[in-house]
Amino acid sequence: MLSVTEAVIELHDVSLTLGEGASSVHVLKGVSLQVARGESTAVVGPSGSGKSTLLMVIAGLERVDRGTVKIAGEVINERSEDEIAAFRGRSVGIVFQSFHLIPNMTALENVAVPLELAGHPDPFRIAEKELSAVGLQERLTHYPGELSGGEQQRVAIARALAPQPAILIADEPTGNLDQLTGRQIADMLFAKAAERGTTLMLVTHDPALAARCDRQVAMRSGRIEQPAAFAATA
Ligand SMILES: Nc1ncnc2c1ncn2[C@@H]1O[C@H](COP(=O)(O)OP(=O)(O)O)[C@@H](O)[C@H]1O
Ligand SMILES: [Mg+2]
């Protein structure tokens with residue numbers, strides 16, 4: 001049985017409604033989940049089942065209405081917005097389907113500037129090291145528009161990993177890429193996570209990618225469908 005100290009993600013009975021009035025949606029309906037440090041998890045399920053929202057809750061980008069969210073030892077749902085932003089900066093890296101790079105910044109600046117804003121010493125040196133680690137040492141001064149989709153996603157991975165987060169979250173990271181490039185990006189995510197002991201949590205519609213994770217969590221209509229391998233006992 002998983003002890004509390006080993007869990008890096010602990011959600012207990014989390015509920016969340018998004019939107020106002022007639023257009024409000026009860027997106028998460030009592031979700032409980034524990035993820036061990038270093039474990040990789042695929043979140044799967046139909047479109048609209050709450051997968052992205054679940055990741056946003058774990059990243060502290062959505063605040064829950066009910067339940068507790070404990071990430072890397074911090075109960076984040078009780079924290080102020082500033083505290084949550086600081087938590088996110090040190091503990092969570094995020095990779096999106098559509099890369100979300102800043103178009104008027106070079107690859108190097110896309111990785112270095114967030115580090116600089118977070119007060120890291122030597123952000124440009126770290127950024128160069130991280131971009132080299134994803135094979136982009138020859139692309140440092142390129143802008144996102146001058147890079148292929150796979151290259152843009154590698155910049156996003158370098159940016160996400162640069163602060164050495166405990167958790168790497170990836171929402172359909174291969175969804176906008178061709179099959180071969182998607183495979184290379186997936187290989188990179190798994191390799192980087194394993195190398196650093198990072199807990200990887202990804203959403204995917206690709207059964208082959210989901211099967212590569214240590215564990216799959218299936219969502220349906222805002223609930224986790226099958227009992228998680230490490231069900232919460234608290
Ligand atoms: N800001 C919002 N306001 C209202 N409804 C939302 C909002 N964000 C998401 N939803 C709804 O919540 C449900 C789950 O969304 P999402 O987490 O994006 O699902 P998935 O990633 O599984 O496709 C969907 O029905 C979606 O329309
Ligand atoms: Mg989604």
Side-chain angles (χ1 to χ4, degrees), residues 9-35 39-71 76-77 81 84-85 87-88 91-101 149-150 152-153 156-157 159-160 165 167-179 181-183 185-186 189-190 193 199-229 232:
I9 298 171
E10 292 183 73
L11 303 187
H12 185 67
D13 200 20
V14 161
S15 284
L16 174 59
T17 295
L18 290 174
E20 298 294 324
S23 63
S24 74
V25 178
H26 193 183
V27 185
L28 299 177
K29 302 170 183 166
V31 171
S32 295
L33 176 68
Q34 289 200 12
V35 177
E39 189 177 31
S40 59
T41 305
V43 181
V44 300
S47 193
S49 58
K51 305 182 298 297
S52 293
T53 306
L54 178 66
L55 293 194
M56 293 305 101
V57 162
I58 291 168
L61 287 165
E62 288 287 358
R63 199 183 271 280
V64 301
D65 301 327
R66 201 187 72 207
T68 53
V69 181
K70 190 173 176 187
I71 308 292
I76 59 170
N77 54 296
E81 293 301 329
I84 291 173
F87 146 81
R88 197 161 47 242
S91 296
V92 185
I94 312 177
V95 173
F96 298 94
Q97 177 174 2
S98 50
F99 323 129
H100 286 208
L101 300 177
Q152 290 183 61
Q153 197 59 305
I157 291 170
R159 178 179 60 183
I167 301 167
L168 179 60
I169 279 174
D171 196 348
E172 303 191 39
T174 63
N176 273 3
L177 303 172
D178 64 71
Q179 204 176 356
T181 307
R183 174 71 197 264
I185 290 297
L189 284 171
F190 284 109
T199 305
L200 175 63
M201 190 141 198
L202 59 84
V203 167
T204 185
H205 289 290
D206 176 359
L209 177 52
R212 291 180 67 182
C213 291
D214 296 324
R215 167 184 180 196
Q216 296 189 34
V217 166
M219 293 211 54
R220 184 173 292 273
S221 302
R223 294 189 171 88
I224 291 180
E225 205 175 30
Q226 43 198 38

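For ligands, and for the atoms within them, numbers begin at 1 and follow the listed sequence. Fair warning: this is a prediction, and the values are worked out from it, not measured in the lab.
Of the inter-residue distances, the one linking Q34 atom CD with I9 atom CD1 reads 10.5 Å to the nearest 0.5 angstrom. One finds the CG atom of L28 at 11.0 Å from the CG atom of D13 (value rounded to the nearest 0.5 Å). Between atom CD1 of residue I169 and atom CD1 of residue I71 there is a gap of 7.0 Å, rounded to the nearest 0.5 Å. If you take NE2 on H100 and CZ on R159, they are separated by 8.5 Å, rounding to the nearest 0.5 Å.
Near S47, the atoms of ligand 1 lying under 4.0 angstrom from a non-hydrogen atom of the residue are 23 (O). Interface of G19 with ligand 1, defined as ligand atoms under 4.0 Å from a residue heavy atom, comprises 3 (N), 4 (C). With ligand atoms numbered from 1 in the order given, ligand 1 contributes 5 (N), 12 (O) to contacts under 4.0 Å with heavy atoms of V25. Shown in contact with T53 at under 4.0 Å from a heavy atom are these atoms of ligand 1, numbered in order with element: 15 (O), 16 (P), 17 (O). Taking a cut-off of under 4.0 Å to the non-hydrogen atoms of V27, the atoms of ligand 1 that pass are 12 (O), 13 (C), 14 (C).
G50 N, 3.3 Å is the protein heavy atom nearest to atom 19 (O) of ligand 1. Here the protein heavy atom with the shortest distance to atom 22 (O) of ligand 1 is K51 NZ, 2.8 Å. Taking atom 18 (O) of ligand 1 as the reference point, the nearest protein heavy-atom neighbour is S52 CB, 3.7 Å. Considering only non-hydrogen protein atoms, atom 23 (O) of ligand 1 sits nearest to G48 N, 2.7 Å.
At a 4.0 Å cut-off, at least one heavy atom of S49 sits close enough to ligand 1 to count as contact. Distances from ligand 1 to the non-hydrogen atoms of P46 include at least one value under 4.0 Å.
The backbone and the side chain of L18 each have at least one atom closer than 4.0 Å to an atom of ligand 1 (non-hydrogen atoms only).
For V203 against P173, the heavy-atom pair with the smallest separation is O-CD, 3.5 Å. Listed here is the closest heavy atom pair of I84 and G60: CG2-O, 3.2 Å. In terms of heavy-atom proximity, H26 sits nearest to K29 at O-CE, 3.2 Å.
Residues passing the side-chain contact (heavy atoms from CB on, under 4.5 Å) test with S49, sequence neighbours excluded: P46, K51, M219.
A side-chain donor-acceptor contact under 3.5 Å links D214 to the backbone of S40.
Annotation: S23 places no N or O atom under 3.5 Å from an N or O atom of ligand 1; distance criterion only.
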Check against side-chain contact (heavy atoms from CB on, under 4.5 Å), R212 and L189 = CA-CA 11 Å; R212 291 180 67 182; L189 284 171; over 6 Å; no
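Remark: atom 26 (C) of ligand 1 lies closer than 4.0 Å to no protein heavy atom.
Contact annotation: S52 places an N, O or S atom under 2.8 Å from the Mg ion (ligand 2).
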